[in-house]
2 protein chains.
Amino acid sequence: MSQHRHPGAPGSAGAVPALPDLPEATVARLPEYLRALHNLADAGHETVSSEGLSAAAGVNSAKLRKDLSHLGSYGTRGVGYDVALLIEQIEYVLGLTQRRAVALVGVGNLGHALAGYDGFASRGFRIAALLDADPSRVGEEINGLVVRHVDELPAVAVEESIAIGVIATPAAAAQRVADQLVAVGVTSILNFAPCVLSVPEGVDVRKVDLAIELQILSFHEHRKASLTALPATGGSALTALPGGLAATDTQEAIGT
Amino acid sequence: MSQHRHPGAPGSAGAVPALPDLPEATVARLPEYLRALHNLADAGHETVSSEGLSAAAGVNSAKLRKDLSHLGSYGTRGVGYDVALLIEQIEYVLGLTQRRAVALVGVGNLGHALAGYDGFASRGFRIAALLDADPSRVGEEINGLVVRHVDELPAVAVEESIAIGVIATPAAAAQRVADQLVAVGVTSILNFAPCVLSVPEGVDVRKVDLAIELQILSFHEHRKASLTALPATGGSALTALPGGLAATDTQEAIGT
DNA sequence: CGCGATTTGTGCACGTCTTCACAAGCGCCT
DNA sequence: AGGCGCTTGTGAAGACGTGCACAAATCGCG
Ligand SMILES: NC(=O)c1ccc[n+]([C@@H]2O[C@H](COP(=O)([O-])OP(=O)(O)OC[C@H]3O[C@@H](n4cnc5c(N)ncnc54)[C@H](O)[C@@H]3O)[C@@H](O)[C@H]2O)c1
Ligand SMILES: NC(=O)c1ccc[n+]([C@@H]2O[C@H](COP(=O)([O-])OP(=O)(O)OC[C@H]3O[C@@H](n4cnc5c(N)ncnc54)[C@H](O)[C@@H]3O)[C@@H](O)[C@H]2O)c1
């Protein structure tokens with residue numbers, strides 16, 4: 001992944017392409033397709049059918065075809081999609097042709113883990129700065145990066161052309177940090193703190209909340225339990241028993 | 001119209017198995033309401049209007065009312081919702097009246113952070129076991145819990161009545177771990193590894209993928225940039241101008 | 001050169017989610 | 001008691017997302 005030509009392109013031409021207006025649901029799935037495609041490429045596949053790719057990504061094949069058709073994608077009927085080309089296309093649409101610089105604010109428990117995560121680098125991002133408010137943490141070196149004080153954010157933003165801010169501070173500080181990020185021009189924020197952030201229009205915020213995920217699972221556990229407590233139909237019972245391992249396909253995904 | 005069973009009876013008399021069949025979208029928001037409610041309760045509020053709660057949770061008030069109406073919840077017209085009662089109701093529906101035991105598999109970079117996270121405990125869960133395949137990690141104590149070998153999973157599952165499994169291993173090991181979890185009766189899995197898991201029907205899997213979140217943000221960045229850029233020729237329209245954007249006041253506006 | 005096998009791209013119908021708008025219910029004040 | 005303002009709960013409409021089913025396109029082969 002060092003070359004990137006064919007930016008977009010059906011119309012080819014040189015000018016900046018009109019970015020297709022993708023449905024949110026599609027945008028949320030493209031990264032999944034991209035990951036699956038990279039796996040396929042590594043495995044030596046040059047082309048892949050919608051059936052194959054959809055299986056690898058855990059979605060319905062018709063949905064996948066529709067998603068790809070939205071970005072004016074090129075598949076070949078009777079053959080499938082060219083893996084390398086599709087990777088290029090998706091990376092272009094997602095804006096991954098340039099490696100975006102990420103600033104991570106809050107280098108605590110979670111922040112440390114994130115700072116040391118190489119999944120960022122391999123998927124189009126560069127952690128360009130670590131920031132914290134705690135003087136005792138400032139100066140610490142993690143993974144080759146030195147933690148700087150959050151007050152240096154304005155300088156750092158310019159130095160590193162920060163495009164995305166990640167908030168990993170306690171909830172109480174999150175809004176303040178978000179304000180600071182917005183103030184230096186950041187228009188995309190990934191928030192790990194369990195709280196709602198207020199930001200001006202034009203700024204995108206995505207939230208990751210662990211406890212919420214668990215609580216959703218808890219609901220389904222609760223529901224499953226309340227169902228097994230009733231059924232009278234003699235069917236194939238099974239409750240807590242392991243039984244056989246008939247792991248088959250099928251999804252179980254829910255969008256954010 | 002029809003009489004609803006008595007609302008979440010924490011005391012659980014004898015039979016209240018019929019759990020309302022909530023829309024998935026609603027289920028995903030309930031935890032958010034719950035968090036907001038706890039904040040309100042801590043702040044001393046005894047009641048809250050749908051307007052107030054929806055603002056705190058970052059959603060539309062009509063949506064909130066419809067969500068709550070689904071779980072047969074009773075608010076009082078002209079007054080609002082009783083905060084304490086609503087908390088009870090939502091916790092009941094989400095199955096949080098019992099503290100569910102969580103097994104965390106993969107105590108590496110991320111696993112360490114999760115193990116030390118107190119947001120679990122305060123939101124209805126108990127990390128009951130830490131498991132890893134690396135012998136050199138087994139025996140390590142984190143936050144009062146000793147890391148055990150993943151092969152002990154069957155024993156641990158019984159000892160601790162594990163209800164939910166969290167996978168924080170590399171992607172290559174995730175499917176295997178999922179199979180092991182399923183084999184010991186776990187029917188809810190939270191997966192941090194960037195891969196698709198195959199599980200039998202009846203098992204719920206939720207995935208958290210950091211890179212995907214960033215890539216979605218990247219798309220919107222790309223889109224925003226392509227909109228603001230017009231005449232300038234080619235090249236990436238890097239926007240590193242902090243002073244450019246409005247200073248912004250930071251109130252209102254929510255990212256969806 | 002044409003044919004059959006294959007696979008894409010999409011029209012359409014259906015289900016889910018969101019949002020508006022408003023009647024009905026509730027408490028309070030006079 | 002009656003009226004008034006406030007807030008819930010919900011009908012209806014529309015936006016959005018999903019998946020089937022099939023025509024159109026393409027390849028390989030005889
Ligand atoms: N640890 C986890 O596994 C985990 C999981 C999910 C969510 N979270 C959430 O992520 C956030 C961080 O969790 P954590 O466990 O790392 O907490 P932590 O207390 O270990 O780390 C927080 C860090 O933020 C820094 N900080 C505080 N105020 C700041 C400010 N104004 N500017 C910059 N830095 C500031 C602190 O100095 C500290 O280093 C919390 O909101 C938590 O709820 C954590
Ligand atoms: N570190 C992060 O911030 C971060 C962020 C997002 C996603 N992730 C994902 O989370 C997962 C873990 O990341 P990490 O940085 O902690 O990796 P890590 O290598 O630090 O830790 C992985 C741990 O899993 C253990 N393990 C390996 N195979 C196992 C098995 N079969 N059974 C039990 N344990 C096993 C290893 O011994 C190791 O302790 C990865 O899939 C990663 O992509 C990590």
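What you see is a predicted model, and the numbers here were worked out from it, not measured in a lab. Numbers restart at 1 for each chain; the letters A, B, ... are given by sequence-line order, proteins then strands.
Between B/Ser50 and D/dT8 there is a side-chain N or O to OP1 or OP2 distance below 4.0 Å. Using a 4.0 Å cut-off, some side-chain N or O of A/Tyr81 falls inside it from OP1 or OP2 of C/dG9. Between B/Asn60 and the phosphate of C/dC20, there is a side-chain N or O to OP1/OP2 separation shorter than 4.0 Å.
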Would B/Phe125 and B/Ile164 count as a side chain to side chain contact (heavy atoms under 4.5 Å, CB included) if you check the C-alpha gap in whole Å, the side-chain angles of each, and the deciding distance to 0.1 Å? CA-CA 9 Å; B/Phe125 303 91; B/Ile164 298 177; 3.8 Å; yes
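Evaluation of atom-type donor-acceptor distances gives no pair under 3.5 Å for the side chain of B/Arg77 against the base of D/dT7. Scanning atom types as modelled, no donor and acceptor separated by under 3.5 angstrom connect the side chain of A/Lys66 and the base of D/dG17.
With sequence neighbours left out, the side chain to side chain contact (heavy atoms under 4.5 Å, CB included) criterion links A/Val177 to A/Val105, A/Ile167, A/Thr169, A/Gln180, A/Leu181.
Here the C1' atom of nucleotide C/dT8 and the CG atom of A/Asp82 are 15 Å apart, to the nearest Å. If you measure from atom CD of A/Gln89 to atom C1' of C/dT8, you get 15 Å, rounded to the nearest angstrom. Between the CG atom of A/Leu64 and the P atom of D/dC20 there is a distance of 14 Å, given to the nearest Å.
Closest-nucleotide positions on DNA chain D for A/Asp67 and A/Val79 were compared, and the one nearer the 5' end corresponds to A/Asp67. Along DNA chain D, the nucleotide nearest A/Gly78 and the nucleotide nearest A/Arg65 are compared for position; the residue whose nucleotide lies closer to the 5' end is A/Arg65.
Using a 4.0 Å cut-off between charged nitrogen and carboxylate oxygen, B/Asp204 and A/Arg223 do not count as a salt-bridge pair.
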Could you pull out every donor-acceptor pair under 3.5 Å between side chains of residues 27-34 of chain B and any protein atom, sequence neighbours left out?
residue	atom	partner	partner atom	Å
B/Arg29	NE	B/Tyr33	OH	3.3
B/Arg29	NE	B/Asp67	OD2	2.7
B/Arg29	NH2	B/Asp67	OD1	3.0
B/Arg29	NH2	B/Asp67	OD2	3.2
B/Glu32	OE1	A/Lys207	NZ	2.5
B/Glu32	OE2	A/Lys207	NZ	2.8
B/Glu32	OE2	B/Arg35	NE	3.2
B/Glu32	OE2	B/Arg35	NH2	2.4
B/Tyr33	OH	B/Asp67	OD2	2.5

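At a threshold of 4.0 angstrom between heavy atoms, the contacts of A/Ala62 include nucleobase atoms, whether or not backbone atoms are also involved.
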